[in-house]
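Written out below as C-alpha cells is the structure these notes cover.
Letters A, B, ... mirror the listed sequences (proteins, then strands); counts begin at 1.
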Amino acid sequence: MAKDFPTREENYAQWYNDLVIKADLAENSAVRGCMVIKPYGYAIWEKIQSTLDRMFKETGHVNAYFPLFIPKSFFSREADHVEGFAKECAVVTHYRLKNAPDGKGVVVDETAKLEEEYIIRPTSETIIWDTYRNWIQSYRDLPLLVNQWANVVRWEMRTRLFLRTTEFLWQEGHTAHATKEEAIEETEKILGIYARFAEEWMAMPVLKGLKSPNERFAGAVETYCIEALMQDGKALQAGTSHFLGQNFAKAFDVQFLSKENKLEYVWATSWGVSTRLMGALIMAHSDDNGLVLPPKLAPIEVVIVPIYKKIEQLGEISIVANKIKQALEKKGISVKYDDRDTFKPGWKFAEYEFKGVPVRLAIGPRDLENQTVEVARRDTLEKEILQMADIENKVEHLLEQIQKKLYHRALSFRENNTFSVDTWDEFKDIIENKGGFVLAHWDGTPETEEKIKEETKATIRTIPLDSKPEIGKCIYTGKTSNQRVVFARAY
RNA sequence: CGGGGUGUAGCGCAGUCUGGUUAGCGCGCUUGACUGGGGGUCAAGAGGUCGGGAGUUCAAAUCUCCCCACUCCGACCA
C-alpha cells in the first residue's frame with residue numbers, strides 16, 4: 001500500500017499529502033480546493049467534535065444553527081470585518097437554471113437574478129449579530145452563550161488538505177455579555193478549553209497568547225490564539241478566541257437596558273476551531289511509517305489480528321479474541337477484531353500501522369497454547385509478548401502511557417526547537433536554516449512586523465500570555481521593547 | 001491573477017522528440033492452487049473515447065491550432 005511513501009526528511013510536504021490520502025483520511029474532490037473527508041478521517045473529526053461539544057456544554061454553552069447565506073449588505077456594516085473578508089467571498093447571484101438554448105446542459109437563468117446577492121458565510125458574525133438584536137433587550141437576556149457547528153467558505157488561492165481548503169468544517173461560538181470584563185473572561189475561558197483540548201486529547205502542546213494587530217481577526221479588539229509547532233519547524237495556528245468589544249453590537253445596533261435602566265451596547269466574543277485541527281494532529285505525531293494517533297482521538301484504539309494456518313483454527317482464536325474485545329469495550333476502549341480471511345496478517349499489520357492505530361494485539365496458535373498475546377504499540381513500534389491474564393488492564397494502562405508519551409515527545413520537540421535570539425543575523429539564520437519558534441524582542445509596531453515578514457517570511461505567531469516582562473531591544477529597529485514575542489514561519 | 005508542468009486502464013508511469021503492425025509496464029482488481037507470527041508465490045484472466053475539438057497525412061497517443069482540467073511555484077489567508 002505505502003511502499004513508495006516519502007520520508008519527512010526527503011519531502012515534508014509530499015509526506016503530509018501522501019499520508020492524508022493513503023491513510024484514507026481525505027482526498028481531493030471534483031470541486032477545486034474542496035476535499036472529501038473519508039470515513040476514517042471523519043471518525044477522527046467526530047471525536048474532536050464530540051469532545052469539544054461536551055466541553056462547551058459543560059461551560060454553559062448551547063448549540064444553534066444560522067443560515068449559510070448572508071445578505072451582502074450585512075457585510076458592509078462593520079468596516080474592518082468587510083475589509084478582512086471581502087477578497088475571499090463566494091457570492092450567490094441567481095436562484096434558477098434553465099435548459100441551454102443549444103440543448104446541451106443548463107445555463108443560469110438571467111431573469112432569476114437576486115435583488116440582493118448573498119455571500120456564502122466565511123464566518124457568521126454579521127448574520128448572528130443581526131439576529132441577536134431581536135434576542136437581546138434586557139440585562140436579563142445576558143449572557144447569551146451560543147455555538148454552532150457549520151461549514152464555511154473562504155475562497156483561498158492555494159489549498160492543502162485539512163490545512164487550508166475552500167470549504168471547511170468548524171465550530172463558531174458567538175457570545176454576548178453585559179460587561180467588558182465578562183466578555184474578556186469568556187474569551188480567555190474558551191482559550192483555556194482549546195489549550196486543554198489540544199494538550200490532553202490531541203497530545204499537542206500549544207502556546208497561549210495574543211495576536212499582533214497584523215494577525216488579529218478582522219473586526220476584533222483582541223485575538224487570543226493557541227499556536228503549535230509542527231515537525232518541519234513551521235507554526236500552526238490551531239484555534240482563535242476573539243474579544244470583539246462593542247464593534248458588532250454597534251454595527252448591528254444591539255443594545256440592552258442595564259439594571260440601572262441605562263441603554264448600553266452589548267459586549268461580544270467569537271471563537272472557533274476547524275478541520276485544520278486534523279492537519280495539526282496528523283503533523284504533530286506521525287512518522288515515516290504513517291499516521292500516529294493519540295488513543296483519545298483514535299477511531300480504533302486497539303486492533304486484534306488473528307493468526308492461523310487453517311480456517312478451523314480461526315474459530316478457537318476468535319473465542320479468545322472476542323472475549324478480550326468485550327473486556328476492553330467494557331472499559332470504554334474502542335476495539336476492532338479484524339477476522340477477515342481475505343487479507344494476510346502481514347498486510348493487516350502494515351495497514352493498521354499506517355493508519356495509526358495505537359495498539360495492536362496478535363493472537364495465534366502459539367499464544368493459545370501459552371496463554372499469551374503479542375502486543376505492539378504504534379508510537380514506538382515496540383512489540384512484546386504478554387500473559388493473557390488481565391490483558392484488558394494492561395492494555396488500558398498502555399493506552400494511557402502512549403497518550404502521555406506522545407505529548408511529552410511533542411513537547412520536547414518544541415523545547416528543542418525554541419530559540420531565544422538577540423541579534424538580527426542570528427534571527428535570520430535560525431528562521432532560514434532551522435525553523436522553530438524564535439523568541440525575540442519587537443518594538444511593537446505593525447511596520448516592523450511587516451518588514452520582518454518581507455525579509456524572512458516569519459511573522460509574530462503570538463505574544464505569549466505567560467511571558468515575563470523583560471527589557472530589551474527590538475531585533476530589527478533596536479528600539480526598546482519590554483517583552484519577547486514568538487516569531488516563526490507559519491502554515 | 002502571473003510563471004512552469006502534466007493529462008495514456010482504478011492508481012502510478014513508459015511510449016510523443018524521429019507519425020507506421022495488435023498501445024505497453026508496475027501496483028491494484030477477478031478466478032484457482034499452494035500459503036499464513038510483518039505488505040506471500042505461481043498460473044490464468046478482466047480492464048483503454050491515449051483530456052476534448054478541429055486540422056495536416058495513405059496513416060496521429062505522436063505533428064499544428066484552439067479549448068478544458070488538474071498540479072507545482074509566487075502574491076492572499078484559519
Sub-3.5 Å pairs of nitrogen or oxygen atoms, protein against nucleotides 70-72 of chain B:
{"from": "B:C70", "atom 1": "OP2", "to": "A:R32", "atom 2": "NH1", "distance (Å)": "3.4"}

Could you list the protein-to-nucleotides 31-33 of chain B atom pairs, N/O on both sides, closer than 3.5 Å?
none

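Looking at A:E215 and A:R461, a side-chain N of the basic residue comes within less than 4.0 Å of a carboxylate O on the acidic one, giving a salt bridge. The pair A:E351-A:K344 does not count as a salt bridge, with every side-chain nitrogen at least 4.0 angstrom from each carboxylate oxygen.
Distance, A:K87 NZ to B:C77 C1': 9 Å, rounded to whole Å. Following rounding to the nearest Å, A:E316 (CD) and B:G36 (P) show an atom-to-atom distance of 17 Å. To the nearest angstrom, C1' of B:G37 lies 16 Å from CD of A:E384. Summarising the geometry, the separation between CZ on A:R160 and P on B:G74 is reported as 11 Å, rounded to the nearest angstrom. Here the C1' atom of nucleotide B:U41 and the CH2 atom of A:W347 are 19 Å apart, to the nearest Å.
Partners of A:A410 according to the side-chain contact (heavy atoms from CB on, under 4.5 Å) rule, which considers only residues two or more places apart in sequence or in another chain, are A:P205, A:H285. Checked against salt bridge (charged side-chain N to carboxylate O under 4.0 Å, His left out), A:D367 has no partners two or more places apart in sequence or in another chain. For the side-chain contact (heavy atoms from CB on, under 4.5 Å) test, residues two or more places apart in sequence or in another chain that qualify with A:K428 are A:W424, A:D425, A:T456. For A:R414, there are no salt bridge (charged side-chain N to carboxylate O under 4.0 Å, His left out) partners two or more places apart in sequence or in a different chain. Annotation: salt bridge (charged side-chain N to carboxylate O under 4.0 Å, His left out) contacts of A:R164 (sequence neighbours excluded): none. A search for salt bridge (charged side-chain N to carboxylate O under 4.0 Å, His left out) contacts involving A:E222 returns A:R216, not counting sequence neighbours.
From A:E449, atom CD reaches atom CH2 of A:W442 across 5.5 Å, with rounding to the nearest 0.5 Å.
Of the residues in residues 359-381 of chain A, those lying under 4.0 Å from RNA chain B by heavy-atom distance are A:R360, A:A362, A:G364, A:P365, A:R366, A:D367, A:E374. Contacts with RNA chain B (heavy atom under 4.0 Å) in residues 286-314 of chain A: A:I307, A:Y308, A:K309, listed by number. Near-neighbour residues of RNA chain B inside residues 161-169 of chain A, defined by a heavy atom below 4.0 Å, number-ordered: A:L163, A:R164, A:T165, A:F168.
A distance of about 5 Å separates the C1' atoms of B:A61 and B:C50, rounded to the whole Å. Between B:G12 and B:G28, the distance separating the two C1' atoms is 11 Å to the nearest Å. Across the P atoms, B:U22 and B:C70 are found 36 Å apart, a figure rounded to whole Å.
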Ignoring hydrogens and angles, write down the donor-acceptor pairs under 3.5 Å from the side chains of residues 289-298 of chain A, residues two or more places apart or on other chains.
none

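Under the side chain to side chain contact (heavy atoms under 4.5 Å, CB included) rule, A:F487 has a single partner from A:I460, A:I430, A:T462, A:T459, which is A:I460.
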